[in-house]
Amino acid sequence: MPHSKIQTSTRKIMQPNYQPASIEQQAQRHWEDRQAFRAAEQSDKPKYYCLSMFPYPSGKLHMGHVRNYTIGDVLSRYHRMKGFNVMQPMGWDAFGLPAENAALANNVPPAAWTYANIDYMRKQLKSLGLGIDWSREVTTCTPEYYRWEQWLFTRLFKKGIIYKKTASVNWDPIDQTVLANEQVIDGCGWRSGAPVEKRDIPMYFFRITQYADELLQGLDTLPGWPEQVKTMQANWIGKSHGCDIHFPYDMETVGSGGMLKVYTTRPDTLMGATYVAVAAEHPLAARAAAISEKSELRDFIAECKHGGTAEADMATMEKKGINTGMFVGHPVTGEKLPVWIANYVLMSYGEGAVMAVPAHDERDYEFAAKYDLPVKHVIASTELLDKWKKLEAQFGADGHELDREDLDLMGMIAYLGKVLMDMPAPSEALINLVQEFAGQLQLESPYTGQGTLVCSGKYGGMEFQEAFDAISADLQARGLGRKSGKFRLRDWGISRQRYWGCPIPIIHCFTCGDVPVPDEQLPVKLPENVVPDGAGSPLAKMQDFYMTPCPQCGKAAKRETDTMDTFVESSWYYARYASPDCTTGMVDERAKHWLPVDQYIGGIEHAILHLLYARFFHKLMRDEGLVQGDEPFKNLLTQGMVVAPTFYREDAHDRKQWFNPSEVDVKTDERGRPVGATLKADGLPVFIGSTEKMAKSKNNGVDPQAIIDEFGADTARLFMMFAAPPEQSLEWSDAGVEGAFRFLKRVWKAAHDHVEQGIVTAYRSGEPENVWPGTRLSAAAKALRLQLHQTIAKVDDDLGRRKTFNTAIAANMELLNALAKFDEQTPIARTVAQEVLEAIALMLNPIVPHLSHALWAELRPGSDVLDQPFPNADPSALAQDEIEIVIQVNGKLRGNLTVAKTADKATLEQLALAHPAVEKQLAGAVPKNIVVVPGRLVNIVV
RNA sequence: GCCCGGGUGGUGAAAUUGGUAGACACAACGGACUUAAAAUCCGUCGGCUUGAAAAGGCCGUACCGGUUCAAUUCCGGUCCCGGGCACCA
């Protein structure tokens with residue numbers, strides 16, 4: 001709207017000091033009165049669904065939450081200003097293990113503990129001033145939510161997407177209970193201290209592998225996801241191309257006919273296989289143990305039962321094995337290869353058996369070295385082949401011809417040595433070459449790269465792909481194998497022998513088998529007034545819960561007492577927010593309006609599991625006709641971890657007790673490094689552990705409440721956003737909180753000083769000049785407007801495209817510093833000052849919305865900042881005639897030049913050569929080359 | 001062990017497409033104001049070095065090497081730190 005005259009007014013006095021407590025209270029009440037963040041489907045604006053990963057209600061917020069939710073709120077508010085119809089919901093990932101741990105420790109039912117935590121944390125979240133539509137709040141432990149999860153389960157069970165099989169879990173033999181990986185510490189149960197064993201139990205599985213290809217290919221349709229996350233997911237799914245190879249049993253030692261199946265991605269190394277290895281759970285291992293007279297095999301298999309199921313433990317375990325005494329035949333040569341049982345072979349991947357090629361595989365090499373198994377080199381690198389050629393040439397020059405036919409690479413050294421001995425006078429060059437070659441062969445580690453096949457019979461001389469094709473074709477022709485592909489991804493086991501989770505809706509009937517609970521009997525409600533005792537699942541002891549008639553035949557049957565993995569709840573909550581009150585289905589039509597999520601924000605620690613499961617669930621729901629589209633999250637921002645040091649003491653049983661950083665005094669050396677820590681309570685030392693993500697289990701979360709109480713939510717938000725860009729991990733420190741507070745005070749004061757003189761209409765190109773004929777902007781005012789509009793353009797880009805909120809804040813700080821130096825008091829200068837202050841209030845609005853609300857009310861009485869769009873940069877203010885360019889000599893900075901923006905290459909070159917600093921550097925020499933980058937620099941190369 | 005990130009002043013960081021290394025802050029130090037303190041404002045602030053000063057020079061982005069007129073940025077290798085590894089969420 002053009003304004004015809006410049007208005008000046010004075011009004012009630014603005015509060016001289018920045019008082020966050022009252023400002024924030026007022027702003028939050030105002031938003032609530034206006035229902036400002038209620039999201040409605042009816043809108044002529046484009047929708048923007050901004051979702052932050054919902055918290056687990058662990059008790060209190062920690063800094064990681066503040067970071068996550070502030071980022072989400074900044075993006076929400078920014079998009080609102082950019083004209084979007086924004087929906088930002090919040091809820092609670094409320095089932096989970098910590099509630100059971102709290103129950104054990106405090107004798108409180110998990111439900112009561114959880115609901116109390118939710119109430120407290122909701123209050124904390126509200127005090128941060130987040131623009132959330134609280135009418136959509138979702139809590140996963142309520143029957144209204146999980147009944148639909150049970151409903152979907154029964155559908156998928158009937159479809160065969162969910163099935164039952166046995167799988168290994170960590171078993172605590174003392175507490176007689178299944179342990180989570182986190183509860184296994186150094187191979188022992190966290191409470192009993194007893195060595196953990198693997199135990200096979202029946203579990204329900206989601207057939208996620210059926211969607212493996214789609215989950216992999218879908219990654220290519222997600223340009224708004226970080227490359228890093230897509231790479232991690234692709235590697236996790238782990239599609240590989242390889243070959244199934246069958247090794248025929250040796251009748252004599254195995255005692256029957258048959259084939260040992262292995263899968264390998266390196267069939268080109270088949271000729272280097274010197275043994276095969278099977279997992280301890282492999283049928284052939286059991287058979288060997290059964291027919292063996294000695295107990296060693298049985299003992300070894302039993303030993304492999306010790307320890308937990310975590311992959312990291314398996315992979316770092318010392319490699320151990322035992323010879324079964326059985327043999328299989330090599331599918332090409334027929335040579336007898338020994339069958340070993342090895343603890344590094346995983347039953348869960350491939351066939352549970354591998355062909356071992358020590359010369360070209362790290363783990364096989366280590367194993368072969370330990371048990372003195374033969375190593376056969378069959379792949380030669382390019383460098384090795386080059387050396388061999390040189391050798392041949394040198395031997396030729398010295399008058400000998402080398403016989404390279406079928407030469408075993410390890411045998412070569414002996415052979416070459418012998419030839420050398422036989423020569424009357426070998427040249428020094430030859431001796432050196434042989435030594436070099438020998439050194440290359442006796443590598444400490446195997447050569448695992450691709451190369452040319454050697455010592456491989458008819459395959460000798462072939463490259464990787466050629467050999468791959470030839471060998472698999474030959475095997476197929478003889479019925480001993482064929483090309484094949486595999487995924488590393490395994491089906492998703494969701495049964496948990498725990499209380500505080502969503503009951504699995506299955507009834508076991510002796511007659512009918514596993515019967516899914518019929519729709520009309522859903523939900524299967526979890527009894528809430530229960531305190532687990534740590535020994536097995538409470539549900540399995542509650543007859544009232546598990547005794548039930550079979551829905552099919554009506555006979556007495558038993559309800560399943562396992563609950564679901566909590567990842568199941570978090571796999572579809574994003575869809576439920578669209579229709580949180582729907583009582584007729586998981587979601588309704590509104591899901592089609594809001595999905596996909598436009599921006600998802602959460603910790604990088606969820607890069608694989610949660611995000612993969614949620615993508616999988618979206619496809620399941622799509623196939624049920626519940627949602628549209630193939631992917632749930634269009635754009636993803638993975639926030640870096642907020643990490644903090646951990647502190648602990650060990651009790652008599654080496655169990656650790658963790659202390660919060662707030663309970664500890666840390667001593668540092670003169671360089672600021674921690675050298676020791678003591679507990680405030682008793683002054684005695686505690687150990688300093690590693691620095692890790694803030695988590696309940698290590699008690700290193702830092703509560704933001706103290707900062708909010710002392711400085712206000714805006715300072716907490718500003719500080720968190722200013723500390724680092726969102727994707728970067730951040731070691732927690734509150735140094736700098738006061739700096740953030742100081743900045744807000746400076747903004748307030750600048751506005752106050754201006755308002756005290758009377759507010760005016762903000763400068764708009766050309767207008768004040770028309771109103772006050774003869775007035776013009778001073779050079780300083782023009783420069784300030786240039787900086788203002790450069791800042792607007794930058795902040796817009798930082799908040800929108802780059803999502804680097806720290807630099808957006810820094811640019812505003814620079815602008816405020818520039819405004820503070822601008823002391824012109826002419827009427828036209830005051831319109832520029834007004835323009836700058838209004839722009840700062842708007843640019844900072846997404847980050848410090850309470851302050852922005854209050855400032856706007858002072859700068860533009862009667863109008864609401866919620867209705868303001870994000871400012872636009874004024875092109876006329878950005879126009880510049882002159883720019884600064886850099887002069888380098890040999891790439892080093894030697895001076896600057898201010899030149900016309902239009903200066904061409906020749907002019908720039910001339911001006912640079914005439915620069916005194918350049919003349920001094922050149923000292924009469926003639927430049928070899930001059931590189932001119934217009935608008936940037938001139939580099940003179942001497 | 002495997003997969004994915006990160007490493008820049010005393011500290012958090014900036015440098016957006018290979019083009020001025022250290023913006024903006026914190027801390028520290030010096031000064032102004034004050035009876036004093038707090039608050040606020042002004043100034044200094046990577047290392048070494050030449051110079052009385054003005055003003056220069058060299059080195060410097062974990063480490064080693066490479067590509068380039070030019071590397072924090074690209075490539076190869078090493079070390080350290082963080083995340084994930086399927087039952088923490």
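Chain naming here is simple, since letters A, B, ... match the order of the sequence lines and numbering starts at 1 in each. Heavy atoms only: backbone and side chains are in, while hydrogens, waters and symmetry mates are out.
At a threshold of 4.0 angstrom between heavy atoms, the contacts of A:Phe722 include nucleobase atoms, whether or not backbone atoms are also involved. A:Leu489 comes within 4.0 angstrom of a base, heavy atoms only. Among the protein residues, A:Gly238 comes within range of no part of the nucleic acid, since none of its heavy atoms lies under 4.0 Å from any strand. As judged by a 4.0 angstrom heavy-atom cut-off over every strand, A:Ala310 is placed among residues touching the sugar-phosphate backbone only.
Here the side chain of A:Glu311 is nearest to one of B:rA86, B:rA23, B:rU16, namely B:rA86. Among the nucleotides B:rG57, B:rA89, B:rC85, the one closest to any side-chain atom of A:Arg894 is B:rG57. Candidate nucleotides B:rU16, B:rG83, B:rC85 were compared by shortest atom distance to the side chain of A:Ala312, and B:rC85 ranks first. Closest to the side chain of A:Glu182, out of B:rC59, B:rU16, B:rC88, is B:rC88. Considering only the side chain of A:Asp565, B:rC87 comes nearest among B:rC88, B:rG83, B:rC87. Distance from the side chain of A:Leu97 is smallest for B:rA89 among the nucleotides B:rA89, B:rC24, B:rG19. Looking at the side chain of A:Ser690, the nearest of the listed nucleotides B:rA86, B:rG83, B:rG82 is B:rG82. Comparing B:rA14, B:rU20, B:rC88 against the side chain of A:Asn181 picks out B:rC88 as the nearest. For A:Val931, counting side-chain heavy atoms from C-beta on, the closest listed nucleotide (B:rG19, B:rU16, B:rA86) is B:rG19. Nearest to the side-chain atoms of A:Val169 among the listed nucleotides B:rU16, B:rG12, B:rC87 stands B:rC87.
Protein atom CE of A:Met203 is 7 Å distant from nucleotide atom P of B:rC87, rounded to whole Å. Whole-Å rounding puts the A:Tyr204 OH to B:rC87 C1' distance at 18 Å. In this structure, the CD1 atom of A:Ile237 is 21 Å from the P atom of B:rC2, given to the nearest Å. In this structure, CG of A:Leu612 is placed 13 Å from P of B:rC85, rounded to the nearest angstrom. Atom pair A:Arg936:CZ and B:rU20:P shows a separation of 7 Å (rounding to whole Å applied). Protein atom NZ of A:Lys892 is 10 Å distant from nucleotide atom P of B:rA21, rounded to whole Å.
A:Asn939 contributes a side-chain N or O that forms a donor-acceptor pair with the base of B:rC69 under 3.5 Å. Taking only distance into account, the side chain of A:Lys794 meets the base of B:rU16 through a donor-acceptor pair shorter than 3.5 Å. At a cut-off of 3.5 angstrom, counting only N and O atoms as typed in the model, there is no donor on one side facing an acceptor on the other between the side-chain of A:Gln888 and the base of B:rC69.
With both ends at atom P, the span from B:rG77 to B:rC2 equals 14 Å, rounded to whole Å.
Nearest-nucleotide mapping onto RNA chain B: of A:Ala695 and A:Val941, the residue sitting toward the 5' end is A:Val941. Where A:Asp798 and A:Tyr613 meet RNA chain B, the nucleotide closest to each residue was compared, and A:Asp798 sits on the side nearer the 5' end.
In summary, the side chains of A:Asp364 and A:Tyr344 do present a donor paired with an acceptor at a separation below 3.5 Å, with no hydrogens or angles considered. One side chain, A:Arg746 or A:Asn817, offers a donor N or O that lies under 3.5 Å from an acceptor on the other. For the residue pair A:Thr177 and A:Asp172, no side-chain donor N or O sits within less than 3.5 Å of a side-chain acceptor on the partner. Checking A:Ser570 against A:Asp93 by side-chain atom types alone, no donor-acceptor pair falls below 3.5 Å. A donor-acceptor contact closer than 3.5 angstrom links the side chains of A:Thr209 and A:Asp491.
Partner A:Phe567 forms a ring-ring contact (aromatic ring centres under 6.0 Å, His included) with one of A:Phe206, A:Tyr613, A:Tyr573 and no other, that one being A:Tyr613. Across A:Arg498, A:Arg496, A:Gln497, a single residue satisfies side chain to side chain donor-acceptor pair (under 3.5 Å) together with A:Asp562, and that is A:Gln497.
The cationic atom of A:Lys165 (NZ for Lys, CZ for Arg) lies less than 6.0 Å from the six-membered ring centre of A:Phe205 and within 45° of the ring axis.
Every side-chain contact (heavy atoms from CB on, under 4.5 Å) that A:Ser729 has, sequence neighbours left out, goes to A:Met641.
Nucleotide B:rG10 carries an anti base; the chi torsion (O4'-C1'-N9-C4 or O4'-C1'-N1-C2) is more than 90° from 0.
Base-pair partner of B:rC63: B:rG77 (Watson-Crick or G-U wobble, both distances under 3.5 Å). For B:rG18, there is no paired nucleotide, since no Watson-Crick or G-U wobble pair has both relevant distances below 3.5 Å. Using N1 to N3 plus N6-O4 or O6-N4 for Watson-Crick, or N1-O2 and O6-N3 for G-U wobble, each under 3.5 Å, B:rA39 pairs with nothing.
Within the 4.5 Å cutoff, the side chain of A:Val886 has heavy atoms near those of the A:Asn896 side chain.
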Tabulate atom names and distances for all N/O pairs under 3.5 angstrom spanning the protein and nucleotides 41-51 of chain B.
| residue | atom | partner | partner atom | Å |
| --- | --- | --- | --- | --- |
| B:rC41 | OP1 | A:Arg746 | NH1 | 3.4 |

Under 3.5 Å, which N/O atoms of the protein pair with N/O atoms of nucleotides 3-9 of chain B?
| residue | atom | partner | partner atom | Å |
| --- | --- | --- | --- | --- |
| B:rC3 | O3' | A:Asn235 | ND2 | 2.8 |
| B:rC3 | O2' | A:Asn235 | ND2 | 2.9 |
| B:rC4 | O2' | A:Gln228 | OE1 | 3.4 |

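The shortest non-hydrogen separation linking A:Gly91 to A:Pro55 is O-CD, 3.2 Å.
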- [ ] Determine, step by step, whether A:Met720 and A:Val642 satisfy the side-chain contact (heavy atoms from CB on, under 4.5 Å) criterion, reporting the C-alpha distance in whole Å, the side-chain angles of both residues, the deciding distance to 0.1 Å, and the verdict.
- [x] CA-CA 10 Å; A:Met720 209 62 217; A:Val642 181; 3.8 Å; yes
